[in-house]
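Everything below concerns the one structure shown next.
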Amino acid sequence: MTTVYNFSAGPAVLPKPVLEKAKSELLDYQNSGMSVMELSHRSSLFEAIIQDAEQLLRELMQIPDNYQVLFLQGGASLQFTMVPLNLAQNKKAHYINTGTWSKKAISEAKKLATVEVDVLASSEDKNFTYIPEVTEAMIDPDAAYVHITTNNTIEGTAFTDLPNTGNVPLVADMSSNILANDYKVSDFGVIYAGAQKNIGPAGLTVVIIRDDLLGLCEVPSAMLDYKLQADNHSLYNTPPTYSIYIAKLVFEWIKEQGAIAGILKQDQEKAALLYEAIDRSALFSSPVDPAFRSLTNIPFVTGDEALDKKFVAQATQQGFENLKGHRLVGGMRASLYNAFPIEGVHALIDFMQTFEQEFTQENGGN
Ligand SMILES: *Cc1c(COP(=O)(O)O)cnc(C)c1O
């Protein structure tokens, strides 16, 4: 088998031990003679899987009892509609515009005629390279929520401090840094995340929602109704059973890494190594304000598009997969999610140094 380092922003690398466990159980789950993929979602075997998954996530994120955990479908993108539909009809909803995904959340909310969308602050003036400041005074106390994207997957920025929203619930798209931060769940009204970055395979969307935010609005669709989904423990219809099973294995793996504290230490170490290498380099640089650097998605550029292209092509030949930056930003991007091994960071840094030396020699430098 070819060994590669997969820097994909999503679907992303999964922990090897998780894939091995899934492989060993693929044809025969717990002597049932069936694969998890073949189990009824109403069977006791699957019920144990979804309950364990929820319990593990509650333990890892220390989710208080007055929050529901939902395992839904439709990706983070469907949450761009579900959040305003369930929380903000006939009300105002504040958004902080910090990147491509925030913009999409805003544009989807604006499609709902019953919701008044207000953009509190934006970093679009500087290509989303920083996080704008928001103070409590800017927030309408009657607003349904303030929506943020905690980690901007494409631009490589993250909220270090959360905005103080007073009594107005904070809603977070945490798709690319859930389980890679030590935010407190009680600081949020709603947290949502597509699974394919830091949780498991695509097809699963995790929503964590405070009880008092359920059933606030009339929702004209069963599938889009948080309350109905919560009342049915995410089993209103067939949930993405296999993705939930893999997520459960990933949660177990994180627990073995020392839970959030342990995994966060690894993430910080990996990110620090790469940022140091970028900062040391005369060729590569980070386009992002250092105060708001993401731990999980690290963009870097040479400043010359053709050279970026050459770097990505050579890197791919060496087994560094998916380093090409997002088409909207260009350059390179290394996504260092929880499952990405530190050896891959060392290997990338070595490769960057070799590339830089060759470039300097070819260009008559020293
Ligand atoms: C990937 C991503 C999305 C989109 O997720 P889907 O599950 O593909 O809909 C939304 N927000 C953020 C922050 C992301 O990283």
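Read the numbers this way: they start at 1 and go in the same order the structure lists the ligands and their atoms.
Between the side chains of Tyr226 and Gln68, no donor-acceptor pair is found at a separation under 3.5 Å. For the residue pair Tyr337 / Asp267, no side-chain donor-acceptor distance below 3.5 Å is found, with atom types taken as modelled. Side chains of Thr157 and Asn152: a donor on one and an acceptor on the other come within 3.5 Å. Judged purely by distance below 3.5 Å, without hydrogens or angles, the side chains of Ser175 and Asp173 pair a donor atom with an acceptor atom.
The same ILVMFWY cluster, assembled from side-chain heavy atoms under 4.5 Å apart, contains both Trp101 and Met82. By the rule that hydrophobic residues join a cluster once side-chain heavy atoms approach within less than 4.5 Å of another member, Tyr192 and Ile208 end up as members of separate clusters.
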Give every pair formed by an N or O atom of ligand 1 and a protein N or O atom closer than 3.5 Å, one pair per line with both atom names and the distance to 0.1 Å, or write none.
| from | atom 1 | to | atom 2 | distance (Å) |
| --- | --- | --- | --- | --- |
| ligand 1 | 7 (O) | Ala76 | N | 3.0 |
| ligand 1 | 7 (O) | Gln196 | NE2 | 2.9 |
| ligand 1 | 8 (O) | Gln196 | NE2 | 3.2 |
| ligand 1 | 9 (O) | Ala76 | N | 3.2 |
| ligand 1 | 9 (O) | Ser77 | N | 2.8 |
| ligand 1 | 9 (O) | Ser77 | OG | 2.6 |
| ligand 1 | 11 (N) | Asp173 | OD2 | 2.6 |
| ligand 1 | 15 (O) | Thr153 | OG1 | 2.4 |
| ligand 1 | 15 (O) | Lys197 | NZ | 2.6 |

